[in-house]
Amino acid sequence: MPKTVVIPPGTGKPLAPYVPGTLADGVLYVSGTLAFDKDNNVLHEGDAGAQTRHVLETIKGVVEAAGGSMDDVTFNHVFLKDWADYGAINAVYAEYFPGEKPARYCIQCGLVKPAALVEIASVAHIGKAA
């Protein structure tokens with residue numbers, strides 16, 4: 001099955017060997033996304049809501065670069081550093097998914113950089129198989 005790598009304009013160099021998104025058979029897989037600047041420094045330290053907004057804006061950019069919209073997101077994998085941030089994360093998350101929500105799971109775990117508070121990976125269905 002052919003696949004297409006999705007790298008929105010202005011994307012910084014990844015921290016590890018991956019791409020922001022891969023589109024295959026009408027399904028877009030968006031890599032785990034953190035609130036990083038182009039040099040992989042954590043933005044909005046200590047503010048889970050602002051980090052979540054940055055993460056979801058980055059995901060939105062990948063989805064749109066692949067020809068979709070946030071309405072096409074069907075599943076989110078949410079990783080948070082501390083359950084104390086759950087409310088702040090959900091408040092921002094709800095802004096990006098105001099109608100029917102995608103399926104998701106949310107787990108607490110350590111993230112790749114200590115100042116990172118949230119990471120989200122997504123799946124979007126933006127086309128039909130040929």
Side-chain angles (χ1 to χ4, degrees):
M1 163 185 353
K3 65 181 179 181
T4 302
V5 169
V6 179
I7 303 173
T11 300
K13 183 178 178 183
L15 194 61
Y18 65 90
V19 295
T22 302
L23 181 63
D25 203 20
V27 180
L28 175 66
Y29 302 90
V30 181
S31 293
T33 304
L34 295 111
F36 285 168
D37 65 14
K38 290 181 184 177
D39 297 318
N40 295 313
N41 298 306
V42 176
L43 298 169
H44 314 292
E45 286 194 37
D47 187 339
Q51 284 192 17
T52 302
R53 185 171 313 283
H54 185 90
V55 164
L56 289 170
E57 281 296 320
T58 302
I59 290 170
K60 181 179 176 184
V62 176
V63 172
E64 289 176 350
S69 73
M70 292 299 271
D71 287 339
D72 298 317
V73 175
T74 56
F75 194 85
N76 287 307
H77 314 265
V78 181
F79 307 90
L80 67 138
K81 184 175 180 177
D82 189 332
W83 285 115
D85 295 326
Y86 189 67
I89 290 167
N90 280 329
V92 174
Y93 182 94
E95 293 174 25
Y96 285 81
F97 302 104
E100 292 184 11
K101 312 290 186 246
R104 78 174 202 184
Y105 67 77
C106 184
I107 63 170
Q108 179 184 9
C109 62
L111 299 174
V112 70
K113 290 197 175 187
L117 302 175
V118 61
E119 178 174 353
I120 301 174
S122 300
V123 177
H125 289 256
I126 62 169
K128 295 192 179 212

Student: CG of Leu56 to OG of Ser122: how many Å apart, nearest 0.5 Å?
Tutor: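 Reported to 0.5 Å precision, the distance equals 7.0 Å.
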Student: Any idea which heavy atoms bring Leu34 and Ala116 closest together, and the distance?
Tutor: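 Taking Leu34 first and Ala116 second, the nearest heavy atoms are CD2-CB, 3.5 Å.
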Student: Who else is in the cluster with Leu117 when I, L, V, M, F, W and Y are joined by side-chain contacts under 4.5 Å?
Tutor: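 Cluster partners of Leu117: none, it stands alone.
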Student: Do you reckon Val92 sits in the same ILVMFWY cluster as Trp83, going by side-chain contacts under 4.5 Å, direct or chained?
Tutor: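 Linked within one cluster.
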Student: Looking only at non-hydrogen atoms, find the nearest pair between Ala48 and Val118 and report the distance.
Tutor: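 For Ala48 versus Val118, the nearest heavy atoms are O-CG1, 4.4 Å.
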Student: Using the ring of Tyr93 (Phe, Tyr or Trp, six-membered ring only), decide whether Arg104 places NZ or CZ under 6.0 Å from its centre and within 45 degrees of its axis.
Tutor: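 The answer is yes, since Arg104 meets both limits relative to Tyr93.
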Student: Spell out, as yes or no, whether a donor-acceptor pair under 3.5 Å connects the side chain of Glu64 to the backbone of Pro8.
Tutor: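 No; judged by distance alone, with no hydrogens or angles, the pair does not exist.
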Student: Any idea which heavy atoms bring Gly10 and Lys38 closest together, and the distance?
Tutor: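 Gly10 and Lys38 have their closest heavy atoms at O-CE, 3.0 Å.
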Student: Of Ile7, Val6, Thr33, which is the lone residue that meets side-chain contact (heavy atoms from CB on, under 4.5 Å) with Val62?
Tutor: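 Checked Ile7, Val6, Thr33 against Val62; only one passes side-chain contact (heavy atoms from CB on, under 4.5 Å): Val6.
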Student: Kindly work out whether a path of hydrophobic side-chain contacts (I/L/V/M/F/W/Y, heavy atoms less than 4.5 Å apart) joins Val73 to Val27.
Tutor: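 No; tracing contacts between hydrophobic side chains, which count when under 4.5 Å, never links both residues.
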Student: Just how far is it from atom CD of Glu95 to atom CE of Met70, taken to the nearest 0.5 Å?
Tutor: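 Reported value, rounded in 0.5 Å steps: 11.5 Å.
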Student: Do Tyr105 and Tyr29 land in one hydrophobic cluster if side-chain heavy atoms of ILVMFWY residues count as linked below 4.5 Å?
Tutor: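 Hydrophobic grouping puts Tyr105 with Tyr29.
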Student: Rounded to the nearest 0.5 Å, how far apart are OG of Ser31 and CD1 of Ile59?
Tutor: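 It is 10.0 Å, given to the nearest 0.5 Å.
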Student: To the nearest 0.5 Å, what is the distance between CG on Leu15 and CG on Asn40?
Tutor: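 One finds 4.5 Å between CG of Leu15 and CG of Asn40.
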Student: Can you give me the closest heavy-atom contact between Ala115 and Gln51, atom names plus distance?
Tutor: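 For Ala115 versus Gln51, the nearest heavy atoms are O-NE2, 3.1 Å.
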Student: Between His54 (side chain) and Phe36 (backbone), is there a donor-acceptor pair under 3.5 Å?
Tutor: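 Yes: the side chain of His54 pairs with the backbone of Phe36.
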Student: State the CD1-CG distance between Ile126 and Asp72, to the nearest 0.5 angstrom.
Tutor: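 So the gap between those two atoms works out to 6.5 Å.
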Student: Can Val123 and His77 be said to form a side-chain contact (heavy atoms from CB on, under 4.5 Å), step by step?
Tutor: CA-CA 9 Å; Val123 177; His77 314 265; 4.2 Å; yes
Student: Under 3.5 Å, is there a donor-acceptor pair between the side chain of Asp37 and the main chain of Asp39?
Tutor: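 Here the side-chain-to-backbone pair exists.
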Student: Run the side chain to side chain contact (heavy atoms under 4.5 Å, CB included) test against Thr22 and tell me which residues pass, sequence neighbours left out.
Tutor: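 Partners of Thr22 by the side chain to side chain contact (heavy atoms under 4.5 Å, CB included) criterion, ordered by chain and then number, come out as Lys3, Val19.
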Student: Drop me the distance from Leu23's CG to Leu28's CG, to the nearest 0.5 angstrom.
Tutor: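 The distance works out to 6.0 Å.
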Student: For Gly87, does its backbone N or O pair with a side-chain atom of Asn90 as donor and acceptor, under 3.5 Å?
Tutor: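 Judged by distance alone, no pair lies under 3.5 Å.
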Student: Which atom names give the shortest non-hydrogen contact between Gln108 and Asp82, and what distance separates them?
Tutor: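 Residues Gln108 and Asp82, closest heavy atoms: NE2-CA, 3.9 Å.
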Student: Has the side chain of Asn76 got a donor or acceptor atom that lies under 3.5 Å from a matching backbone atom of Val78?
Tutor: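 No, because the side chain of Asn76 does not come within donor-acceptor range (under 3.5 Å) of the backbone of Val78.
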